[in-house]
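Residues: numbered from 1 along the sequence shown.
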Amino acid sequence: MSNKTVLIIEDEGDAAELFAEMMRVCGFRVLKVSNSAPAIDLISSEKPDLIILDIMMPGISGLDILHHMHHDPALTSIPVVVVSAKGTPADIKRGMEAGAKIYLTKPVGFQELKEAVTRALGE
């Protein structure tokens with residue numbers, strides 16, 4: 001799995017660092033951003049191999065980021081694992097319809113996130 005980049009878009013600092021550490025342990029290069037506005041530019045410039053995305057973000061929501069990616073041919077193939085506190089069936093359906101490959105609800109453990117990332121990358 002090494003040499004692959006995971007971008008974490010999460011506004012809660014502790015959660016972002018926890019996810020980042022989990023991904024580093026798995027051998028990934030990790031980028032983090034806590035605000036969704038610069039995240040869109042970072043996705044376009046870095047073209048990460050996978051994105052871990054929170055839905056409830058200040059300003060532009062995670063769903064907005066998914067919609068943006070869905071409409072940009074250069075970004076549609078990047079798999080997105082949503083990790084969100086919004087866990088109703090309707091929330092999950094919206095996230096999947098917007099383009100998430102996998103939707104997890106917080107709290108998320110190491111093994112669960114590792115397996116989701118592996119599945120999303122098709123490994």
Side-chain angles (χ1 to χ4, degrees):
M1 274 197 237
S2 61
N3 297 330
K4 293 199 176 195
T5 299
V6 173
L7 172 60
I8 298 168
I9 305 171
E10 167 66 66
D11 62 324
E12 294 177 26
D14 290 345
E17 188 50 42
L18 178 65
F19 299 154
E21 187 58 27
M22 289 177 179
M23 293 298 95
R24 285 187 201 107
V25 166
C26 293
F28 290 102
R29 173 178 171 249
V30 175
L31 302 171
K32 289 187 305 182
V33 64
S34 60
N35 190 316
S36 45
I40 291 173
D41 291 335
L42 195 58
I43 293 166
S44 295
S45 65
E46 288 285 333
K47 304 251 185 336
D49 296 288
L50 180 127
I51 297 170
I52 296 174
L53 176 66
D54 186 17
I55 293 296
M56 294 188 297
M57 300 280 292
I60 302 167
S61 77
L63 287 175
D64 293 332
I65 291 173
L66 284 168
H67 289 301
H68 172 80
M69 290 177 65
H70 182 72
H71 290 95
D72 184 335
L75 306 179
T76 57
S77 64
I78 299 171
V80 177
V81 174
V82 167
V83 180
S84 178
K86 294 178 75 76
T88 68
D91 292 327
I92 295 168
K93 183 175 186 265
R94 271 192 296 277
M96 297 301 286
E97 287 175 349
K101 188 139 182 143
I102 297 173
Y103 195 111
L104 303 175
T105 55
K106 292 178 184 175
V108 174
F110 173 73
Q111 198 60 39
E112 184 181 15
L113 185 60
K114 180 181 175 186
E115 288 172 5
V117 166
T118 300
R119 272 195 340 264
L121 288 170
E123 297 179 350

With rounding to the nearest 0.5 angstrom, report the CD1 to OG1 distance, Ile51 to Thr5. 11.0 Å
Side chains of Glu46 and Leu7, heavy atoms from C-beta outward: is any pair under 4.5 Å? no
Closest approach of Phe19 to Glu10 (non-hydrogen atoms, all atoms of both residues): CE1-OE1, 3.8 Å
When clusters are formed by joining ILVMFWY residues with side-chain heavy atoms under 4.5 Å apart, either directly or through shared neighbours, do Ile9 and Met69 land in the same one? yes
List the atom of Ile65, the atom of Ser36, and the distance in Å for their closest heavy-atom pair. CD1-CB, 3.4 Å
Side-chain contact test, heavy atoms from C-beta onward, threshold under 4.5 Å: evaluate it for Leu75 versus Lys47 and give yes or no. yes
Taking atom NE2 as the centre, does His67 end up with more than 12 heavy-atom neighbours from other residues, nucleotides or ligands that are less than 6.0 angstrom away? yes
I want to check something: taking the side chain as every heavy atom from C-beta on, are Ser61 and Asp64 in contact at a cut-off of under 4.5 Å? yes
Quick one: closest heavy-atom pair of Pro58 and Asn35, and the distance? O-OD1, 4.4 Å
Between CD on residue Glu12 and CG on residue Leu18, distance to nearest 0.5 Å: 11.0 Å
Salt bridge or not for Arg24 and Glu21, using N-O below 4.0 Å? yes
In the structure I gave you, are the side-chain heavy atoms of Val82 and Met96 within less than 4.5 Å of one another anywhere? no
Kindly compute the distance separating CD1 (Ile102) from CD1 (Ile92), expressed to the nearest 0.5 Å. 12.5 Å
Distance col, row Ile78:CD1 vs Leu121:CG, nearest 0.5 angstrom, shows 11.0 Å
From CG (Asp91) to CE (Met56), nearest 0.5 Å: 8.5 Å
Just wondering, are more than 12 heavy atoms of other shown residues or ligands nearer than 6.0 Å to NZ in Lys106? yes
Separation between CD1 of Ile52 and NZ of Lys32, rounded to the nearest 0.5 Å: 12.0 Å
Check whether any side-chain heavy atom of Leu50 lies under 4.5 Å from a side-chain heavy atom of Phe28, and answer yes or no. no
Can you confirm whether Leu31 sits close enough to Arg29 that some side-chain heavy atom of one is under 4.5 Å from a side-chain heavy atom of the other? yes
Closest non-hydrogen contact found for Lys114 with Cys26 is CG-SG, 3.7 Å
Check whether Val81 and Met23 end up in the same hydrophobic cluster, where Ile, Leu, Val, Met, Phe, Trp and Tyr are linked by side-chain heavy atoms less than 4.5 Å apart. yes
If you take all heavy atoms of Lys4 and Asp49, which pair is closest and at what distance? CA-OD2, 3.1 Å
Start with the C-alpha gap between Ile43 and Asp72, add the side-chain angles, then the distance that decides, and say whether side-chain contact (heavy atoms from CB on, under 4.5 Å) holds. CA-CA 11 Å; Ile43 293 166; Asp72 184 335; over 6 Å; no
Taking a hydrophobic cluster as the set of Ile, Leu, Val, Met, Phe, Trp and Tyr residues connected by side-chain heavy atoms closer than 4.5 Å, whether directly or through intermediates, do Val33 and Ile8 fall within one such cluster? no
Taking every non-hydrogen atom, the tightest pair across Leu63 and Gly95: CD2-CA, 3.8 Å
Decide whether Leu66 and Met57 are clustered together by the hydrophobic rule: side chain heavy atoms of Ile, Leu, Val, Met, Phe, Trp, Tyr closer than 4.5 Å, transitively. yes
When hydrophobic residues are tied together by side-chain contacts of less than 4.5 Å, even through go-betweens, does Met22 share a cluster with Val108? yes
